[in-house]
Every structure is written in C-alpha cells, then in structure tokens.
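Worksheet: the structure to be examined is printed underneath.
As the structure is a computational prediction, the values presented were derived from the model and not from experiment.
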Amino acid sequence: MKRPEILEQGNDTVSADAHRYTFSAARDSRNRKVPGLSVRNGRYYACLWVEGPGGKKTARRFPLEASNITEAKEQLEIKRNDRREDKLPTSGRKPMLADYIETYLESATRQKRRQNTRDKDRAALLRWLAHIGNVTVNRITTKHIASYQDKRLGDDVTARTVNLDLISLRGLLKRALKDEHIRALPKLDDLDVEPRQKRRLLTPDEFQRLLTTAMKELPKSGQQFTDYLRFLAFSGCREQEALCLKWADVDFAARKITIGRNAPTKNGMERTLEFNPKLEGVLREMSTRRPPDSEWLFPSPQRGQQDRRTLTFRNALRAVRVRAGLEWFAFHDLRHYFASVCVMHGLDYMTIAEWLGHKDGGILVGKIYGHLLDAHRRSAADRLQFGIASVPAVAAV
C-alpha cells in the first residue's frame with residue numbers, strides 16, 4: 001500500500017488524505033497540472049520537499065500571494081530559490097512570547113543599545129507578557145493591545161508612558177515579522193498624548209538659591225552635591241554622563257574633558273568639551289578636595305575598601321528642591337540652563353550641539369532656544385559698526 005504523503009500546514013503535520021477534498025492541483029490555461037502548485041479556496045500554495053527537524057525530507061505547503069496561475073508559477077520559482085539558499089521559514093510551532101522576548105533582547109541589534117534602554121525594553125515586555133499570557137507570538141492581536149492600553153490607563157499611567165510600552169512591543173513584533181513567525185503586524189495605534197508644557201528655564205538667581213539651600217540642608221554631602229550641580233550647569237552633561245567621569249578624563253593642560261570614555265553616551269559616541277572659565281574653576285576646586293583613594297569625579301561616600309562612584313544624587317535633589325521652592329526642578333534643567341546661556345552669549349549652534357552631544361549640527365538647539373535671541377538681536381544690532389564714514393546728504397537742488 002502506498003504511504004500517504006505527509007504535509008505540514010501551519011503548526012500541524014497532517015496526512016495528505018486529510019486535504020484531498022480541499023486542496024487540488026493547480027492547472028494552467030491548457031488545463032495541465034503545474035508541478036509543485038496546489039490551490040485551495042482560490043489561494044495558491046507552493047509544494048516543496050524540505051529537510052525537517054530530524055534531517056528527514058518532508059513535504060510542506062507554503063501559501064503564496066498570487067492572484068493568477070502566472071503569478072503563482074513565478075512565486076513558486078522564488079520559493080525554490082529560497083530553498084536552495086536556505087531562506088525558507090522554519091517549520092514547527094511558533095515561539096512562545098516568553099521565549100521570544102529573550103531571543104529578541106539578546107539579538108545583536110538589541111545588544112548594541114544602551115543597557116538602560118535594554119532594561120526598559122525588558123520591563124515593558126514583561127508587563128505585556130503578564131497581561132497577554134505566554135501565548136505564541138502569532139496569537140498577539142489588536143484586542144490584546146487595546147485591553148493592555150485600557151488597563152494601564154486605568155492604573156493612572158500616562159498615555160505617553162503607555163505609548164513607550166507599545167514601542168517596545170512594536171520592536172519585538174517587527175522582529176517576529178522579519179523572522180516569519182507572523183504574517184502581518186496587528187494594529188498598533190498610539191494613544192493621543194496631550195502636548196507637553198513648555199519647560200521653563202532656570203534663572204541664575206534660582207540656581208544660586210538651589211546651591212545655597214543644598215549647603216545649608218545637607219551638612220555631610222552638601223559640598224559634593226553642589227559640586228555636582230555646578231558641574232552639570234557649566235558642562236551641559238547629562239546626569240549619568242557626569243557620574244561616570246574619572247579624573248583621567250580631565251586634561252587641565254589642554255583645558256578640556258572627554259565625556260563617554262567610561263560608559264556609553266546617549267548616542268554611543270565620545271565627545272570633547274573645552275573648558276569655559278566656570279567649568280575650569282569648579283574642576284580645579286574639586287581637584288583640591290579629591291580623595292586620594294578614588295579615581296572618580298564623584299566617588300561614593302559609602303565605597304569602603306572598593307573604589308566606586310556615586311550612583312545617584314536623586315534623594316539629595318528631592319530634599320533640596322522642595323526647601324528651595326523649586327519643586328519642578330530636575331537635573332536635566334541644568335543641561336537646558338547650559339544651552340540657554342551658550343545661546344544668549346551668541347555661540348554658534350553647531351559648537352553648542354557638539355558640546356551637548358547632538359548629532360544634528362545644531363537644529364535642535366535652534367528649535368528649542370532660538371526664541372532667546374530676540375532681545376539679544378536688538379542689542380547686537382545696536383552695537384554693530386561697519387568702520388566707514390557716513391555719506392553726506394545730497395543738497396536739494
């Protein structure tokens with residue numbers, strides 16, 4: 001007795017006999033059977049022998065996006081070429097969401113991202129896993145996404161935060177689409193987000209009040225905390241960029257500091273920041289107070305026998321800003337403070353962008369801080385001198 005042909009369709013392996021009433025041989029315009037093509041419910045399938053998981057040859061049907069026999073024959077040849085180049089999608093059960101999250105996060109493209117970004121991705125994807133359950137990735141639907149969004153909003157999470165979670169899921173599903181675990185992306189609509197309020201700029205008087213309050217309210221750590229605040233304000237560094245700096249990054253002879261040598265910056269590139277008088281002053285003051293057993297600009301007070309850096313000053317910030325009457329203030333406001341002072345002193349946007357670590361040549365600086373130049377343009381115009389004598393008026397005839 002002839003053994004029935006074994007076929008794989010979707011996630012199941014079934015006998016060809018089970019499909020004899022649903023699949024039929026595809027025929028050309030002369031009513032001749034086309035080898036390797038079958039049709040069911042108006043859809044064409046490529047029938048190919050491929051190597052199965054155990055190394056044995058097995059027949060599989062691959063659905064084609066063809067509307068007529070000519071297109072189907074062309075796509076059949078493409079599938080045959082994919083088989084020769086080992087590019088056909090793998091058979092078998094689709095990966096479970098929990099397993100695929102790990103596969104996705106460990107992929108080479110994700111490993112190139114900053115550790116902080118990968119940690120946020122993992123946290124977001126685990127929230128999706130807890131809500132959806134450990135289903136196969138091809139079973140994630142628009143209904144799952146909508147219910148997740150509703151639940152998060154019900155937990156008083158902002159729409160912007162929910163959209164960030166959606167970005168993480170979108171990245172995973174795009175990889176699943178590339179790996180041919182899913183045929184199409186489910187509908188992934190972002191929630192409408194209210195426009196952010198314009199960030200207010202810290203004034204010099206407010207900055208001084210913050211420093212004074214820190215020295216008064218933090219008798220043990222006030223000096224190091226104010227050094228940190230001044231360094232951020234005079235360098236434009238991001239919070240973690242500054243905490244990862246070592247004294248080896250500071251070159252007093254060349255009057256510059258290298259940022260990003262010990263830990264990746266936001267764009268993954270090192271940058272050099274030339275000293276300005278205020279930055280040089282605070283660094284020289286700090287060098288006179290430098291602990292001899294630490295190489296960090298901001299060493300941890302609890303480092304013990306191990307040389308460790310301070311991980312965060314956020315607890316100090318929370319205590320100080322309330323007492324200073326600046327509840328809205330965050331460390332990032334000092335980066336804006338640095339950029340605004342640079343703009344108001346007439347520095348070119350490209351230089352400011354290089355100091356800040358922007359890669360856009362100054363476009364973002366101009367977009368955010370360009371309005372600060374209005375008063376300064378008037379003052380500059382009044383000071384403008386051309387160095388030529390006035391042309392005497394022509395007497396009326």
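A donor-acceptor contact shorter than 3.5 Å is absent between the side chain of His131 and the backbone of Arg127. Here the side chain of Asp179 pairs no donor or acceptor atom with the backbone of His181 at under 3.5 angstrom. Between the Thr117 side chain and the Arg113 main chain, no donor and acceptor come within less than 3.5 Å of each other. In this structure a side-chain-to-backbone donor-acceptor pair under 3.5 Å is missing from Glu295 to Arg308. Checked by atom type and distance alone, the side chain of Glu280 never pairs as donor or acceptor with a backbone atom of Lys256 at under 3.5 Å. Put simply, the side chain of Arg209 gets close to the backbone of Ala324: a donor and an acceptor are under 3.5 Å apart.
Hydrophobic clustering places Trp247 together with Leu243 (ILVMFWY residues linked when any side-chain heavy atoms are closer than 4.5 Å, directly or through intermediates).
The closest side-chain donor-acceptor pair between Asn163 and Arg160, if any, does not fall under 3.5 angstrom. Side-chain contact annotation: Tyr44 with Asn68, donor-acceptor N/O pair under 3.5 Å absent. For Thr203 and Asp205, the side-chain atoms include no donor-acceptor pair closer than 3.5 Å. Between the side chains of Gln223 and Asp227, at least one donor N or O lies within less than 3.5 Å of an accepting N or O. For the residue pair Asp348/Thr351, the side-chain donor-acceptor check at 3.5 Å is satisfied.
By the 6.0 Å and 45° rule, Arg309 does not stack over the aromatic ring of Phe298.
A salt bridge links Arg323 with Glu217: the distance from a Lys NZ or Arg NE/NH1/NH2 to an Asp or Glu carboxylate oxygen falls below 4.0 Å. For Asp190 and Arg170, the salt-bridge test passes: some basic side-chain N is under 4.0 Å from an acidic carboxylate O. Taking the charged nitrogens against the carboxylate oxygens, Lys73 and Asp28 have no contact shorter than 4.0 Å, which rules out a salt bridge. The pair Arg200-Glu206 meets the salt-bridge criterion, with a side-chain N (NZ, NE, NH1 or NH2) lying under 4.0 Å from an Asp/Glu carboxylate O. Note on Glu274 versus Arg255: no salt bridge recorded, every NZ/NE/NH1/NH2 to OD/OE distance being 4.0 Å or above. Ion pairing between Asp249 and Arg261 holds under the 4.0 Å rule for side-chain N and carboxylate O. We find that Asp333 and Arg335 are not joined by a salt bridge, their nearest charged nitrogen and carboxylate oxygen being 4.0 Å or further apart. A salt bridge between Glu285 and Arg290 is absent, with no side-chain N of the basic residue lying under 4.0 Å from a carboxylate O of the acidic one.
The distance between the ring centers of Phe62 and Tyr45 does not fall below 6.0 angstrom. Aromatic ring centroids of Phe331 and Tyr228 lie under 6.0 Å apart.
Side-chain atoms of Phe338 and Leu356, non-hydrogen and from C-beta on, do get closer than 4.5 Å to each other.
Taking every heavy atom of both residues into account, Ser300 and Arg303 meet most closely at O-NH1, 2.9 Å.
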